[in-house]
Number of protein chains: 2
Amino acid sequence: MLRPSGNGDVNRSAILAFLGSAGAASRADLARALGVSPALMTQLVKDLISDGLIKELAMSPSSGGRPARMLGLVASAGKVIGMKISKDHVALVETELDGKVTRSESLIFDASSVTFLTDLVDLVRSFKDANGQATILGVGVGVPGSVDTQGSGVVESALLGWHQIPLGASLSRELGTPVLVENNVNALAVAERLYGPGHDHADFLVVTIGEGVGAGFVTGGGVVRGGRGGAGEIGHIVAVVDGPACTCGNYGCIEAVIGEKSLVADARRLGIITAVESIAELQTQADNDDVQAQTLFLGAGQPLGRTVAGLVQVLDPEIVIISGEGTKAWKHWKSGFEQSFRASLTSDRRSIPVVVNSWDDEDWARGAAALVASAPFYSDESSGEQGRRVRARLTSPTVKKVSS
Amino acid sequence: MLRPSGNGDVNRSAILAFLGSAGAASRADLARALGVSPALMTQLVKDLISDGLIKELAMSPSSGGRPARMLGLVASAGKVIGMKISKDHVALVETELDGKVTRSESLIFDASSVTFLTDLVDLVRSFKDANGQATILGVGVGVPGSVDTQGSGVVESALLGWHQIPLGASLSRELGTPVLVENNVNALAVAERLYGPGHDHADFLVVTIGEGVGAGFVTGGGVVRGGRGGAGEIGHIVAVVDGPACTCGNYGCIEAVIGEKSLVADARRLGIITAVESIAELQTQADNDDVQAQTLFLGAGQPLGRTVAGLVQVLDPEIVIISGEGTKAWKHWKSGFEQSFRASLTSDRRSIPVVVNSWDDEDWARGAAALVASAPFYSDESSGEQGRRVRARLTSPTVKKVSS
DNA sequence: ACTCCTTTGTTTAGAACTAAATAAAGTTTA
DNA sequence: TAAACTTTATTTAGTTCTAAACAAAGGAGT
């Protein structure tokens, strides 16, 4: 409600993170970007220079007034690990603060094993330790389920079979680094806000298609998480009354209608692909102008369009970002989606932009990494103590020395 | 992003508003309720006592420690005017800060008249001036459409036929009081947060049924407004593919399926009511056990339940509050709604509480009044300069003298 | 060449707020 | 009955931040 003071650690780490992600900037640039007064920026920069964390670079040419002195990091700000947990494997990436991936790996993992927690710790630890010289600011984890808060990281996931699993606390204790856990689509929304089209919008919607169907919504710059971290669970919105059975027990959920499994099953039933072929082959058929394959995707685009239109009516975002592994075949979804999407919107919203991401299999893990990269900019999100630890790592001079 | 200081006016006015709405409280109660330290509360209270705005009352009995000194207002904090604008009339209420209505009126008004703005000014002014001795803290206005920000009050409403109407600026200039404008359902959500079941929840959903169908969502304590103030426009979500034509130009919108007009048309077609009877007679028939009337409401409950279930999947609220003039007949909607609502939710959300408001025709205007009553508690909502003016009126000693 | 304007950066005098320590006034426990 | 504990309220020593004023260094216009 009423806001406490005490943002010094946020401001200092945000400056370092900004320079790490956006490159050299002037005091005036930083003050504008981070929303603080020029007077305060002078003081903060003085501290950071005195701490040996940043240095003055060359002057930038005048834009009509006094030329600006650019500032840069003294050393690398550190790296971030991002992990996406699936039921039969984990994807891991190591990134810089600017989101650039420096290393990645996909590893076998069984979420239903009785030793899944220790297995996870071992997998992340060995990935982390394979680059022993890097300062790891933190580990971001994306899961297909709901999470109480990012900083606490208690996971509830039907898909993984996890019920109130203290994932965040276990990982951060065992790894000795800060860990932030979030629903995987919300993590993607965080990444979009930091690096993607969402960067220039306070209100945007991310929709993911593929094996699952999900959404993440950012309003007023903050991710909508809901009462228990379960916002965005659109995969189980009823899209077709009395439609096909869904894994959740209900009928006609959008995920049961257009999820990858459903498309593959329909394609096998129609003989478009064989019983051992999968979504990649279906896409190949559509790419090769197979009318049935194309019709299948076009048909899937329609309920998706209607559902997303409903989300736009509810949330009034400025843009819609479509993401997820299913976007590899977006050109085939597009016309079915666009027609029903636009037709289902009231006229004042009909021109809303839809941006489709190019997808890479690392992107779920990259989204998770963005949780950590985002923490320096916010103290009012749900990152709590773990967020504070990330910020402390950024601003700690002793950590810096080790990394250089 | 990073938060400025400068909340003194918010804190002081919030104390006054709290005492006005909740009655006498101790410093410790106030510090807890408003989220500030005991040290700061000591100082703020000292200022307000010195300004003659509050006074110390009797001690409250010890709860196991030191007994508390209660604090109360020196004089009435002032009144609020709330107005709901419809296309053919306006409803006005005058309330105390605790939401209690002291006066109300419904007046003829034509939203399509070329002089609608001056008509509105005249109507509000005469309502306001009829109680010449009261300090009016501000005027809250609820409209059936989207509003850019509460403090700016530029209205876009298909129903009223208004396109970018500077309602807030015109009213505040002409009336000489602060004016806050908001979508009418969002205003109801603000009222629920302040006085209703939403008071104890950071995340809740308000759904209104009646002539229109709408929603307001509060998450993390803040109202979700969207990019242009258009969040919550659920009336035009497609509930029935290729369903009945809607006023918005689309087909099958939930409002075209279950809105009052649609129910009345169906009831006339079925002979349940005559061609000159309306929703009240339909409800009377249902109350009198007319099976066809009851079936009509039961049938309307089903698409409503499915749509609200979708909202719950998207937003993960802690409770759902059903409101609006259509709730007068809720007992007939309930079984159709509950069955399809619960059946359309994933099992982890199936026990979410649904609270149905008792409805009074003043409630839209009361919701609008709550915009003003809420302003002292928030400086980060969209009330801007008008919110600041409300707070200044609360904390101004000279205004106080006039009121006593 | 000089003046005016703009942009960048710094200094000054506060405002707003907190954590920790302390004081006050009870209730509970041994 | 005294000690321990709890709750309410205040004091102290800061931290964080701002608006206003000022200084520095250019570009544009006359």
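Letters A, B, ... are given to chains in the order of the sequence lines, protein chains preceding strands, and every chain is numbered from 1. All values derive from a computational prediction rather than experimental measurement.
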Discussion item. Tell me whether B:R228 is salt-bridged to A:E318, with the criterion being a basic N under 4.0 Å from an acidic carboxylate O.
Written reply: no

Worksheet item: Is the distance from OP1 or OP2 of D:dT10 to the nearest side-chain N or O of B:R27 less than 4.0 Å?
Response: yes

Item to complete: Starting at atom CD of B:Q43, determine the distance to atom C1' of C:dA15, rounded to an integer number of angstrom.
Response: 12 Å

Worksheet item: Taking for each residue the nucleotide of DNA chain D with the nearest heavy atom, is it A:S62 or B:D29 whose nucleotide lies nearer the 5' end?
Response: B:D29

Practice prompt. Would you classify A:S37 as touching base, sugar-phosphate or nothing, given that sugar-phosphate means primed atoms plus P, OP1 and OP2, and contacts are heavy atoms under 4.0 Å?
Written response: base

Discussion item. Just N and O in the side chain of B:T42: are any of them under 4.0 Å from OP1 or OP2 of D:dT10?
Written reply: yes

Worksheet entry | hbond_proxy B:R66 side chain to D:dT7 base (donor-acceptor, 3.5 Å cutoff) | no

Worksheet item: Between B:N11 and C:dA16, does any side-chain N or O lie under 4.0 Å from OP1 or OP2?
Response: no

Fill in: A:L30 CG - C:dT8 C1' separation (whole Å)
13 Å

Worksheet item: Expressed in angstrom and rounded to an integer, what is the separation of A:E56 atom CD from C:dT8 atom P?
Response: 15 Å

Worksheet, complete the sentence: Ranking C:dT12, D:dA25, C:dT18 by distance to the side chain of B:L40, first place goes to C:dT18

Worksheet entry | Shortest side-chain distance from A:P67, nucleotide among C:dG9, C:dA25, D:dG26 | D:dG26

Item to complete: Can you tell me the distance, in whole Å, between the CZ atom of B:R391 and the C1' atom of C:dA16?
Response: 15 Å

Discussion item. Pair B:L371, B:Q150 - check side-chain contact (heavy atoms from CB on, under 4.5 Å), show working.
Written reply: CA-CA 8 Å; B:L371 296 172; B:Q150 289 185 16; 3.9 Å; yes

Response to the item:
Of the listed D:dT8, C:dG26, C:dA16, the closest approach to the B:R12 side chain comes from C:dA16

Worksheet item: Is A:D316 salt-bridged to B:R225, cutoff N-O under 4.0 Å?
Response: no

Worksheet item: Would you say the side chains of B:S50 and B:D47 form a donor-acceptor pair under 3.5 Å?
Response: no

Discussion item. What contact category does B:A68 fall into here, base, sugar-phosphate, or nothing, at under 4.0 angstrom with non-hydrogen atoms?
Written reply: sugar-phosphate

Discussion item. At 4.0 Å (heavy atoms only), tell me whether A:P38 reaches a base, stays on the sugar-phosphate, or touches nothing.
Written reply: base

Worksheet entry | Over all atoms of both residues, closest heavy-atom pair of B:A189 and B:V218 | CB-CG2, 4.1 Å

Fill in: Protein-nucleotide distance (B:M70, atom CE; D:dT7, atom C1'), rounded to Å
14 Å

Worksheet, complete the sentence: A:K46 NZ to C:dT10 P, in whole Å, measures 9 Å

Item to complete: Return the 5'-most residue of the pair B:G64, B:A39 with respect to DNA chain C, ranking by each residue's nearest nucleotide.
Response: B:A39

Worksheet item: For the pair made of CZ in A:R32 and C1' in C:dT6, what is the distance, rounded to whole Å?
Response: 12 Å

Discussion item. What is the distance, to the nearest angstrom, from the CE atom on A:M41 to the P atom on C:dT11?
Written reply: 16 Å

Discussion item. Is the phosphate of C:dA24 approached by B:R69 (side-chain N or O, under 4.0 Å from OP1 or OP2)?
Written reply: no

Fill in: Cation-pi geometry met for A:R193 and A:Y378 (6.0 Å, 45°)
yes

Item to complete: For B:A28, answer base if it contacts any base atom (sugar-phosphate contacts may also be present), sugar-phosphate if it contacts only those atoms, and nothing otherwise; contact means non-hydrogen atoms under 4.0 Å.
Response: sugar-phosphate

